[in-house]
Number of protein chains: 2
Amino acid sequence: MTGRLSALQRGKRLQRVTIAQVAARAGVSTATVSRVLSGRGPVSAEVRRRVRRAADDLGYQVNHAARALRNSRTDTVGMVVPSITNPFFTSLVENVEHALGREGKELFLCDARSDPEVEARRLASLVARNVDGIIVSPSHGTDSGPAVQATADRLPLVQLDRFVGGTNTDWVGVDDVAAMRQVVDHLHAGGARSAAFVGSHLTNSSTEQRFAGFRRRAEELGVAHDPAHVLLGDYSVDWGETAAARLIEGGGLPDAIVCADDLIALGVTRACRAHGVPVPDRVQVTGFDNIEFARLGEPALTTIDQPCARIAAEAVRLLAAAGARGDGERGASAHIALVPELVVRDSTRAPATTG
Amino acid sequence: MTGRLSALQRGKRLQRVTIAQVAARAGVSTATVSRVLSGRGPVSAEVRRRVRRAADDLGYQVNHAARALRNSRTDTVGMVVPSITNPFFTSLVENVEHALGREGKELFLCDARSDPEVEARRLASLVARNVDGIIVSPSHGTDSGPAVQATADRLPLVQLDRFVGGTNTDWVGVDDVAAMRQVVDHLHAGGARSAAFVGSHLTNSSTEQRFAGFRRRAEELGVAHDPAHVLLGDYSVDWGETAAARLIEGGGLPDAIVCADDLIALGVTRACRAHGVPVPDRVQVTGFDNIEFARLGEPALTTIDQPCARIAAEAVRLLAAAGARGDGERGASAHIALVPELVVRDSTRAPATTG
DNA sequence: GTCTCCTGTGTAATCGATTGCAGTGAAATT
DNA sequence: AATTTCACTGCAATCGATTACACAGGAGAC
């Protein structure tokens, strides 16, 4: 077996082919090769054919480092998310990756571990790597500010989903307030006259906006929302379980529990089940994001569907636009708030008219 | 408001600082600056201080493109997975990202969409980008072969979790056969005397190995496994539901359903619930991977825990070793099979001795 | 028949960091 | 005192692709 291995398999790796080698084989200069391969500049059909042939024969591939140095463009985009294990961010990453792939760009993925310091380091690293632009969902509503702004001063930058105050960059996400309005309307229609809110600490825009939207609509509709029924922790199933247990054991369980994301909601429904509290009959529960597992909950979660594909597409488009504008003037920053859709499943009650 | 914006906020982006500017400011040559910043070569304390100072003042950051061109090393690793939305791969990605971060390396993430052609394109792109190494979990057990081998001929490459036949590269994963042995032993101890297997099409090593392990142990223990009870689809909740429905409606439901991953198992338990088949009393169900949502199933899934952190760490270590060996001789490829652990939850029965 | 203009091609500079080589002193050695 | 050694520092080449500029030669205009 070993005897049959080619020289290649035994050891030496393939040598990289440069433009100079292609030029030599085609009997032209490197300038001409570059012109043929990039399609810029006039080249006779005959030479074009020879160069293509030579490049194919040699298996030429551009050296992106050299090109990046010369063009100061890397065809690479950096993305920083608080936690890639949150399925919502996973979905965003997936969609951004696909959108970039369509333009021949590559994705540098960074996980900030919900820590603004790690986040700042990752951003700096991306800048040093000359990415063409950065897509970031900031971990913290204020602490992420300096690093995000400093980065935006050097590169096109788009904030996704969450945003940080005091910065002046493009943003794409959903209209959290409008979303919560739909949620509260739906719960109210299902008979809820009091509601709790379970979110993460108010240190990021998602929770802030969602809570604000919740409160505003609850007040408009006269849905009671006791301050003691606002529980803040983090975006996790565990926190959802803890919070729900606290609500149940504390007595005075409201008619509905509005959660700032699906992970929390999954934890809440789980705790309800464990405590023998029927959902939605005793308490209605809603999530946010519509992650894949939302429909797998027991009962399946009513939630807000985030249009991840569109969010990603818009973000990539904004970056491309910023890149095209060049390093020169930056216009007013774009704020694109998509209106999300309520997905009704089994964790909430049908409107009172039918029930 | 607009009037208060600094020149920076209004438009022009910060200019990149080069080593030459630092040199000028410190009154030394670029060579000296490079020596100070890289810590290589002798430099007097006084000059060292001046250079550091100048670099700080100017906010110097290396240009990775230039460094990559000169050093032909990018401090970047590429990773290709079949589907980033599968929580198991998400977890692998997260752990690889963290492991690389510790070494100051960055991660290029690519999603192959379970398509060998997309995968091949992504691999080629990573090669063109001069990544220092590639970590790949091949989408297909045979079709992924050519691209993976071609890539491995050019760069250090480690296969993760899955591997493709006919290639000669390092691999890290769990011992699927040993894992399945534990699963079958456990089910047998819980009283199972017949079992079905639900996996994906046998086009990747995970399913192949897991099925092989399942079958071998089932035969050893005399657990019946009707060929009609081997259902192959894909790694998804939907497929799990479909497969379970088929088993239930087909009659002759076995004592246990062994699933090739947790997503399938979640679908299976869901279908059982929907059809009123009690788990684990009528049928025991097992998963594989121990994704976060495994414990959230109803009932919580008994599954095999994949040591993602260790797998990732080993992969990164192997890459680093291959990189250190240089492009020269490649020794025999390493095959590291970690022994995973069975996590017993509520979807299987306690051993017969207690039940 | 001379003068433009245009197509097609090559030469060489450029991007920014790194490093082999050489040179300059000062300290150590004989 | 002559010579070796060594720490420090600068010059310039290098990595590979791109592109401004120059130039050759042919077509067309007058």
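Convention: sequence-line order gives letters A, B, ...; per-chain numbering from 1.
- In terms of phosphate contacts, B:Tyr60 brings no side-chain nitrogen or oxygen within less than 4.0 Å of OP1 or OP2 of C:dG16.
- Between D:dA17, D:dC8, C:dG10, one nucleotide has an atom nearer to the side chain of A:Ala66 than all others, and that is D:dA17.
- With A:Asp111 contributing its side chain and A:Ile84 its backbone, the two residues share a donor-acceptor pair below 3.5 Å.
- Following rounding to the nearest Å, B:Asn63 (CG) and C:dA17 (P) show an atom-to-atom distance of 6 Å.
- Atom C1' of nucleotide D:dT19 and atom CZ of A:Arg40 are separated by 10 Å, given to the nearest angstrom.
- When distances are taken from the side chain of B:Ala31 to each of C:dT9, C:dT18, D:dC11, the shortest belongs to D:dC11.
- Put simply, the side chain of A:Trp171 gets close to the backbone of A:Asp161: a donor and an acceptor are under 3.5 Å apart.
- Inspection of the B:Arg129 and A:Thr76 side chains reveals an N or O donor paired with an N or O acceptor under 3.5 Å.
- For the residue pair A:Arg16 and B:Asn130, a side-chain donor N or O sits within less than 3.5 Å of a side-chain acceptor on the partner.
- With rounding to whole Å, A:Arg73 atom CZ is found 12 Å from D:dA17 atom C1'.
- For B:Pro42, the listed nucleotide lying nearest its side chain is D:dA7; candidates were D:dT19, D:dA7, D:dC11.
- Inspection of the A:Gln159 and A:Thr169 side chains reveals an N or O donor paired with an N or O acceptor under 3.5 Å.
- Looking at the side chain of A:Asn71, the nearest of the listed nucleotides D:dT18, D:dT9, C:dT18 is D:dT18.
- Atoms CD1 (B:Ile19) and C1' (C:dC15) sit 14 Å apart, rounded to a whole Å.
- One can place NE2 of B:His64 at 20 Å from P of D:dG16, the figure rounded to the nearest angstrom.
- Note: CD (A:Glu46) to C1' (C:dT7) measures 16 Å, nearest angstrom.
- Between A:Ser44 and the phosphate of C:dT9, there is a side-chain N or O to OP1/OP2 separation shorter than 4.0 Å.
- Checking the phosphate oxygens (OP1, OP2) of D:dG16, no side-chain nitrogen or oxygen of A:Arg70 falls inside 4.0 Å.
- Nearer to the 5' terminus of DNA chain D, by closest-nucleotide assignment, is the contact made by B:Val47 (compared with the other of A:Ala20 and B:Val47).
- Comparing B:Leu69 and B:Thr32 against DNA chain C, the residue whose closest nucleotide sits nearer the 5' end is B:Leu69.
- Across the protein-nucleic acid pair, A:Arg50 atom CZ and C:dG8 atom C1' stand 12 Å apart, rounded to whole Å.
- Below the 3.5 angstrom threshold, one finds a donor paired with an acceptor across the side chain of B:Arg35 and the base of C:dG20.
- The separation between A:Gln21 atom CD and D:dA17 atom C1' is 14 Å, rounded to whole Å.
- When only modelled atom types and interatomic distance are considered, A:Ser333 and A:Asp170 share no side-chain donor-acceptor pair under 3.5 Å.
- Among the heavy atoms of the strands, none lies under 4.0 Å from B:Val33.
- In this structure, A:Thr18 does not reach the D:dG16 phosphate: none of its side-chain N or O atoms is under 4.0 Å from OP1 or OP2.
- Contact annotation: A:Arg67 reaches the phosphate of D:dT18 (side-chain N/O to OP1 or OP2, under 4.0 Å).
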